[in-house]
Amino acid sequence: MYVCMYFVSYRRPIPNTLMYNLEVNFRKSRSLLIVSLLFYNYGLTRSQEVLSVLVKTPRGADSPGAQATMAELQEVQITEEKPLLPGQTPQAAKEAELAARILLDQGQTHSVETPYGSVTFTVYGTPKPKRPAILTYHDVGLNYKSCFQPLFQFGDMQEIIQNFVRVHVDAPGMEEGAPVFPLGYQYPSLDQLADMIPCILQYLNFSTIIGVGVGAGAYVLSRYALNHPDTVEGLVLINIDPNAKGWMDWAAHKLTGLTSSRSEMILGHLFSQEELSGNSELIQKYRNIITNAPNLDNIELYWNSYNNRRDLNFERGGDITLKCPVMLVVGDQAPHEDAVVECNSKLDPTQTSFLKMADSGGQPQLTQPGKLTEAFKYFLQGMGYMASSCMTRLSRSRTASLTSAASIDGSRSRSRTLSQSSESGTLPSGPPGHTMEVSC
């Protein structure tokens, strides 16, 4: 709102990007200042139309503060629309627009109450007409920044994020500065975390999403897509394990817990043993983040929910399956490589792409953001978005292999490999009805 007042002081129109954030905040706070800014920017007629829609939202509409605000509005008499003052310098408008852009680049953080507690999320950009939002969900031991920032700050990713609004969800208690939950707090199950997502979309008035999830976050988004298939246009699932833990897994987990600390167990979930043994700068950074996390008790609750997950029961050709385009991603020799391969065998091969990334370890979005960005761009183009997008520089210097999987149980009865010259610049297209596996 302070940036909006900058525009008002120069009698300039407030950009649509900021007006959208004002309308979202009005649903939560019913602020009279926001109403005044609506009238300033839209004029009398348009503001009345906008407010008539906003006040219908049930969120906080019956609160005493909201009723007092609306009663106060009825006493406000607006007789004319004030024109912008002539003769303002373009430089002043540019400075204000730059300030607004910086504000949006920093993201707008919101919290919304759900039947299973409060959830925090951060929105970057503004909605684009007829385009879904990109919604991300992070893995255990991370938050949206530590999980996705290297990917979405990568240079070639900027072309994508300019075309989509982004919603980064933090699991409860994982956001920066989150207080530690009290002893005995019942943390939501992964199924319940998925049931929080409709509250977020309703709050933002978003109708469809493209989900990007890692580990536990990939499971949450998959569960949401099973429950709400009409609202999910596509999924990028990194390191997904759709299976519940069996008795052997449970026993191994308990045994590991006797000999390893909480932080080491979580690091073993995130990274391969080769990476942990190598103790690279990246491993040292994330070991320090997790070991010294002030909300480590909260992280353990999220970790326990992940270990107690239910089986997603994917069935190729059955009723329980993901009905949207899916890109499965896993690093070569990653802890979850076998689980992702099995998941690939259970999904519809006409809708699923399988990307196994060499030299990327357990977290491809951290170690190979360039390759993942390129794959994501191709994925979006396959969905009909960004058709005119230019190819990244990576596409001029890599080799792709295409393996077609024809058997229902995931075993490969035949394979074919297509080598790409360094000048080709395009990914190979698989024949209809086959799952594409691209190693890069």
Side-chain angles (χ1 to χ4, degrees), residues 106-107 109 119-124 133-154 157 160-161 164 166-178 190 193-194 196-197 200 209-222 224 235-241 263 265-272 275-276 280-296 298-303 305-306 309 327-331 334-336 340 355 357 360-373 375-376:
Q106 293 174 343
T109 300
V119 61
T120 300
F121 52 95
T122 304
V123 182
Y124 288 84
I134 294 176
L135 185 143
T136 70
Y137 216 111
H138 61 87
D139 202 355
V140 175
L142 309 174
N143 56 31
Y144 91 86
K145 288 185 177 180
S146 57
C147 188
F148 291 108
Q149 209 166 54
L151 176 64
F152 284 95
Q153 288 185 349
F154 189 75
M157 178 62 79
I160 295 177
I161 65 178
F164 295 89
R166 289 177 291 147
V167 181
H168 296 289
V169 181
D170 280 317
M174 304 301 122
E175 67 274 13
E176 290 184 345
L190 295 195
L193 293 179
M196 291 180 171
I197 295 178
I200 297 174
I209 64 167
I210 295 173
V212 181
V214 181
Y219 180 102
V220 170
L221 291 178
S222 297
Y224 172 75
L235 288 173
V236 178
L237 305 176
I238 305 171
N239 297 337
I240 183 172
D241 187 346
S263 57
M265 291 176 65
I266 294 171
L267 285 167
H269 161 78
L270 295 174
F271 300 100
S272 67
E275 290 176 288
L276 294 175
S280 65
E281 184 177 340
L282 178 72
I283 298 300
Q284 294 178 30
K285 172 184 176 181
Y286 279 84
R287 178 177 277 115
N288 181 65
I289 289 175
I290 296 173
T291 302
N292 299 317
N295 62 336
L296 186 56
N298 295 356
I299 294 175
E300 184 178 13
L301 294 176
Y302 188 20
W303 173 237
S305 290
Y306 176 69
R309 65 190 180 277
M327 182 169 72
L328 300 175
V329 182
V330 69
H336 308 284
V340 178
L355 181 67
M357 302 180 66
S360 63
Q363 298 293 309
Q365 79 283 3
L366 301 179
T367 57
Q368 297 286 357
K371 292 180 179 179
L372 187 55
T373 295
F376 190 29

Before giving the answer on side chain to side chain contact (heavy atoms under 4.5 Å, CB included), spell out for R166 and F148 the whole-Å C-alpha distance, their side-chain angles and the decisive distance to 0.1 Å. CA-CA 12 Å; R166 289 177 291 147; F148 291 108; over 6 Å; no
dist Y144:OH -> E176:CD (nearest 0.5 Å) comes out at 7.0 Å
Side chain to side chain contact (heavy atoms under 4.5 Å, CB included) for Q363 and L142? Distances and angles first, verdict last. CA-CA 11 Å; Q363 298 293 309; L142 309 174; 4.2 Å; yes
Sequence neighbours excluded, the answer for ring-ring contact (aromatic ring centres under 6.0 Å, His included) partners of F121 is H110, Y203
Distance (rounded to the nearest 0.5 Å) between Q365 CD and T373 OG1: 11.0 Å
For Y302 versus H138, what's the shortest heavy-atom pair and its separation? OH-O, 3.0 Å
Which residues pass the side-chain hydrogen bond (donor to acceptor under 3.5 Å, both in side chains) test with E175, sequence neighbours left out? none
Closest approach of L276 to G268 (non-hydrogen atoms, all atoms of both residues): CD1-CA, 3.9 Å
List in chain and number order the residues that pass side chain to side chain contact (heavy atoms under 4.5 Å, CB included) with I290, two or more places apart in sequence or in another chain; answer none if no residue qualifies. S263, I266, L267, L270, L296
Quick one: closest heavy-atom pair of P364 and G361, and the distance? CD-O, 4.3 Å
With sequence neighbours excluded, residues passing ring-ring contact (aromatic ring centres under 6.0 Å, His included) with Y137: none
Is a side-chain N or O of D241 found less than 3.5 angstrom from the main chain of H336, in a donor-acceptor match? no
E300 side, atom CD; N295 side, atom CG - distance, nearest 0.5 Å: 12.0 Å
Specify the closest pair of heavy atoms between F154 and P369, including all atoms of both residues, with the distance to one decimal. CD1-CG, 3.9 Å
Rounded distance [0.5 Å steps], CD1 in I240 versus CG in L221: 8.5 Å
Under the side-chain hydrogen bond (donor to acceptor under 3.5 Å, both in side chains) test, residues paired with T120 that sit two or more places apart: S111
Would T122 and H168 count as having a side-chain donor-acceptor pair, cut-off 3.5 Å? no
Rounded distance [0.5 Å steps], CD1 in I283 versus CG in N288: 12.5 Å
Salt bridge (charged side-chain N to carboxylate O under 4.0 Å, His left out) partners of E275, counting only residues at least two apart: none
With rounding to the nearest 0.5 Å, note down the distance linking OH in Y124 to CD1 in I161. 9.5 Å
Hey, mind stepping through Y224 and I209 against side chain to side chain contact (heavy atoms under 4.5 Å, CB included) and telling me if it holds? CA-CA 11 Å; Y224 172 75; I209 64 167; 3.9 Å; yes
Could you walk me through whether S305 and L193 pass the side chain to side chain contact (heavy atoms under 4.5 Å, CB included) check? CA-CA 10 Å; S305 290; L193 293 179; 5.7 Å; no
Verify the distance criterion only: is there a donor paired with an acceptor across the side chains of D139 and H269 at less than 3.5 Å? yes
Mind listing the closest non-hydrogen atom pair of G173 and A178 along with its distance? O-CB, 3.5 Å
So for atom CD, which belongs to Q284, do other residues, nucleotides or ligands contribute more than 12 heavy atoms lying within a distance under 6.0 Å? yes
I'd like to check V169 versus I197 (side-chain heavy atoms, cut-off strictly below 4.5 Å). Are they in contact? no
Scanning both residues in full, the closest heavy-atom pair of L366 with S146 reads CD2-O, 3.5 Å
